[in-house]
Amino acid sequence: MKPVRLPASATIALPRWGLVALCLFYILPGLVARDPWKNIDAANFGIEWTMAHGGWSDWLSPHIASLHVGAEGPLAFWLGALCIRLFGWLLGDPLAAGVASILFFLLGSLSVWHAANLLGQRAEAQPLRLAFGGQPEPKDYGRTLADGALLIFLGSLGLLYPIHATSAKALQVALVAYAICEAVRLFDSGSGRAALKLGLTLGLLVLARGWVVPVGLWLGLVGLAALRDRASLLRLLTQSLPLALAPVGAWLLVLHAAPDSLRSPLADWLSWNAAQLSWPSWESLRYLLKNGIWFTWPSWPFAGWAVYAWRKQFKALHIALPLAFFGTLLALGLLNPVSEVGVLMPLLPPLAILAAFGLPTMKRGAINAVDWFSVMTLTMFAFGIWMYWVSLQTGWPLPAQKVLKLLPGFKPEFHALPFLIAFFATAGWIALVHWRISRRPSVLWRAVVLSSGGGILCWLLLMTLWLPAFNYARSYAGVATEIAARLPTESHCVDTDVGPDQLASFAYFGKIRFAQDSDAQCDYLLLQENSHNKEEAARVRNAVKQWQLIWEGRRPADRDERFRLYQRLR
């Protein structure tokens with residue numbers, strides 16, 4: 001027997017304008033007025049900026065000033081560079097690169113919504129018919145579940161900062177979500193077009209972030225089709241697989257025809273892929289358990305309950321398909337010896353879709369517990385953000401001193417527009433909590449609206465009230481300006497050992513020309529020193545007897561890192 005009994009009044013869909021507004025509040029903060037940040041997306045932006053302002057060789061061989069980076073795959077960088085070429089003149093290069101992040105986010109969100117909608121309209125997913133009628137229509141039920149899946153996806157804590165960064169990880173999440181959507185269409189109707197789209201998506205996943213995940217997903221789908229649908233299995237073998245190989249084969253052919261100097265991305269890409277597979281280890285399991293609990297909140301409680309509640313209909317597509325994606329990606333995570341968020345991010349789309357089918361069967365007490373946890377935790381966090389910001393603006397002693405100690409030299413300024421956005425967003429959160437508590441609505445998505453809304457509120461507050469402080473702490477714009485002031489305005493050449501984040505930031509913000517492969521000798525040398533390479537840096541400094549130190553400095557918020565600029569003695 002199906003575990004769902006539901007009246008039609010529980011399937012009132014969210015207004016479309018509300019979903020659009022929620023998505024805009026989610027994705028725009030963190031992109032507008034934000035510099036490329038250290039250890040977040042500065043290096044990725046540097047690759048895209050180099051491509052956008054370079055020639056075809058720069059597009060074929062991702063690099064920053066001849067430093068080859070981007071071993072994951074070129075697709076995300078191509079799309080970011082294309083956005084810079086199209087919109088850079090209007091928005092500025094960093095925000096134009098962020099347009100690609102917006103497109104990735106929209107593709108992933110729409111795919112999650114449509115996949116849940118299609119699965120929710122299937123006959124085996126429908127609630128039991130009530131004795132006197134009044135059960136929801138399949139279309140209304142599917143749309144309500146889709147709204148819930150989208151809210152869960154947006155509320156995932158692990159999605160917040162990676163989806164706003166210019167990275168291949170954000171594109172991978174979007175393509176995984178789209179692959180789920182096309183897989184639903186393939187199993188639902190046996191559509192040949194869906195099989196072709198699924199194949200192309202898997203091929204693009206290879207170019208986005210390696211072959212391990214798409215090959216694993218294809219094998220998982222083949223296994224599911226072998227158990228359920230021979231026609232879908234045939235389409236996966238004869239249509240999806242050949243089309244998946246097409247974009248990868250085209251890229252490899254172009255690299256094969258390119259000069260030897262441009263083939264290094266292929267070797268780096270193959271090495272990077274090989275490093276993604278190993279034997280399962282305790283370290284991998286511990287990373288997944290330790291970080292997955294908070295990374296996938298609030299998806300995992302609802303998804304776990306969905307699997308339990310639908311255990312007697314385990315083979316139903318709305319449970320089997322997202323569970324097949326999730327199980328495959330989880331197994332790949334266990335086989336991956338590299339502990340990074342890129343292992344966890346692809347889990348979010350299938351988990352959000354699966355979690356949506358736990359909403360109709362979850363007990364009221366469990367829903368209230370999740371709500372109260374969200375209200376208490378996220379409200380306190382938002383209150384803390386406001387309290388520290390007010391302290392910083394007014395000089396109220398204790399909190400302000402703690403912040404300024406971490407950001408020496410930072411001078412807070414009041415900006416009216418970010419303040420108004422943060423104020424009205426907070427007022428909206430208070431109204432949402434009041435609506436949820438006072439009216440106690442019966443709609444399905446009530447269980448996750450507070451988790452999603454509170455998470456979005458906290459992110460919006462951080463990216464409006466605290467964005468200048470984060471830029472000050474994470475951006476190299478100030479250091480780049482200081483270095484550029486010590487260099488001649490005419491043609492110059494700088495040799496360096498700095499990392500990709502620093503190289504990209506100095507090249508963009510300071511317009512510094514770093515040594516290329518064709519440069520024989522540079523008149524300037526920029527060295528980087530931190531706590532991890534002090535001995536090596538001291539050895540290098542002692543070896544540069546023919547150089548004169550003309551500048552040294554660092555970011556005020558980073559005591560671990562120092563830069564020194566030398567000029568060649570003549």
Is the backbone N or O of Pro556 less than 3.5 Å from a side-chain atom of Arg554, with the two atoms forming a donor-acceptor pair by type? yes
Quick check for you: to the nearest 0.5 Å, what is the distance between Leu450 atom CG and Ser374 atom OG? 6.5 Å
All heavy atoms of Leu359 vs all of Val448, minimum pair found to be CD2-CG1, 4.1 Å
Do side-chain atoms of Trp305 reach the backbone of Thr361 as a donor and acceptor pair under 3.5 angstrom? yes
May I ask you to test the Leu526-Phe506 pair for a side-chain heavy-atom distance under 4.5 Å? yes
What I want to find out is whether Arg562 reaches Glu529 closely enough, with some N-O distance under 4.0 Å, to be called a salt bridge. no
Within the side chain of Ser284, is there an N or O that forms a donor-acceptor pair under 3.5 Å with the backbone of Asn336? yes
Donor-acceptor contact below 3.5 Å, side chain Glu182 vs main chain Tyr178: no
Tell me whether Ser156 contacts the main-chain N or O of Phe153 through its side chain, where contact means a donor paired with an acceptor under 3.5 Å. yes
Would Gln502 and Glu561 count as having a side-chain donor-acceptor pair, cut-off 3.5 Å? yes
Should the heavy atoms of other residues, nucleotides or ligands under 6.0 Å from CZ of Phe25 be counted, would the total exceed 12? no
Tightest non-hydrogen contact, residues Val176 and Pro350, listed as CG1-CD, 4.5 Å
Ring geometry between Trp445 and Trp435 (parallel below 30°, tilted from 30 to 60°, perpendicular above 60°): parallel
side-chain contact (heavy atoms from CB on, under 4.5 Å) evaluation trace for Ile483 with Ile512: CA-CA 8 Å; Ile483 297 174; Ile512 299 172; 3.6 Å; yes
If we only count heavy atoms from C-beta on, is the Leu461 to Trp466 side-chain gap below 4.5 Å? no
Does the side chain of Asp58 reach to within under 4.5 Å of the side chain of Phe77, using non-hydrogen atoms? no
With side chains defined as the heavy atoms from C-beta onward, is the minimum distance between Arg555 and Lys38 less than 4.5 Å? yes
Evaluate the ring planes of Phe419 and Phe414, with Trp represented by its six-membered ring, and classify them as parallel (under 30°), tilted (30 to 60°) or perpendicular (over 60°). tilted
When rounded to the nearest 0.5 angstrom, what is the spacing between CG in Leu330 and CG in Leu347? 6.0 Å
Minimum heavy-atom distance between Pro468 and Leu465, given as atom pair plus value: CD-O, 3.9 Å
Is it true that atom CE of Met376 has more than 12 heavy atoms of other residues, nucleotides or ligands lying nearer than 6.0 Å? no
Are any side-chain N or O atoms of Trp551 and backbone N or O atoms of Glu482, one a donor and one an acceptor, separated by less than 3.5 Å? no
Is any side-chain heavy atom of Pro62 less than 4.5 Å from a side-chain heavy atom of Met51? yes
Is there side-chain contact between Leu217 and Leu332, with at least one heavy-atom pair below 4.5 Å? no
What is the minimum heavy-atom distance between Ala382 and Cys458, and which atoms define it? N-SG, 4.0 Å
Quick check with a 6.0 Å cut-off and a 45 degree axis cone: is Lys511 positioned over the face of Tyr508's six-membered ring? yes
Roughly how far apart are Ile293 CD1 and Leu288 CG, rounded to 0.5 Å? 11.0 Å
Evaluation steps, side-chain contact (heavy atoms from CB on, under 4.5 Å), between Tyr26 and His164: CA-CA 9 Å; Tyr26 185 93; His164 291 86; 3.9 Å; yes
Identify the two heavy atoms, one from Gly510 and one from Ala484, that lie closest to each other, and give their separation to 0.1 Å. O-CB, 3.4 Å
Is atom CH2 of Trp89 surrounded by more than 12 heavy atoms (other residues, nucleotides or ligands) closer than 6.0 Å? no
How close do Ala355 and Ile152 get, heavy atom to heavy atom, and via which atoms? CB-CD1, 3.7 Å
Using side-chain contact (heavy atoms from CB on, under 4.5 Å), reason through Asp147 and Arg16 one step at a time and then give a plain yes or no. CA-CA 10 Å; Asp147 292 346; Arg16 295 295 146 249; 3.7 Å; yes
For Phe302 and Val370, run side-chain contact (heavy atoms from CB on, under 4.5 Å): C-alpha distance rounded to whole Å, both residues' side-chain angles, the deciding distance at 0.1 Å, then the answer. CA-CA 10 Å; Phe302 295 101; Val370 172; 4.0 Å; yes
Quick check for you: to the nearest 0.5 Å, what is the distance between Met345 atom CE and Leu171 atom CG? 10.0 Å
Walk me through it: do Phe373 and Trp297 pass the test ring-ring contact (aromatic ring centres under 6.0 Å, His included)? CA-CA 12 Å; Phe373 176 81; Trp297 178 269; 5.2 Å; yes
N/O donor-acceptor pair under 3.5 Å between Asn291 side chain and Tyr287 backbone: yes
Residues, nucleotides or ligands: over 12 heavy atoms within 6.0 Å of Phe470 CZ: yes
Look up atom CG in Leu154 and atom OG in Ser451, then write down how far apart they are to the nearest 0.5 Å. 12.0 Å
State whether the side chain of Arg286 and the backbone N or O of Trp282 hold a donor-acceptor pair below 3.5 Å, judged by distance alone. no
Does the Asp41 side chain pair with the main chain of Pro36, one donor and one acceptor, at a distance under 3.5 Å? no
Hey, could you give me the CG/CZ distance between Leu95 and Arg34, rounded to the nearest 0.5 Å? 10.0 Å
Ring pair (Phe, Tyr, Trp, His ring centres under 6.0 Å) partner of Trp386, chosen from Trp389, Phe383, Tyr388: Trp389
Would you mind telling me which of Val173, Leu159, Leu175 makes a side-chain contact (heavy atoms from CB on, under 4.5 Å) with Pro349? Val173
Does the side chain of Leu348 reach to within under 4.5 Å of the side chain of Phe295, using non-hydrogen atoms? yes
State whether the side chain of Asp35 and the backbone N or O of Asn471 hold a donor-acceptor pair below 3.5 Å, judged by distance alone. no
Close side-chain approach of Leu150 to Ser452, heavy-atom, < 4.5 Å: no
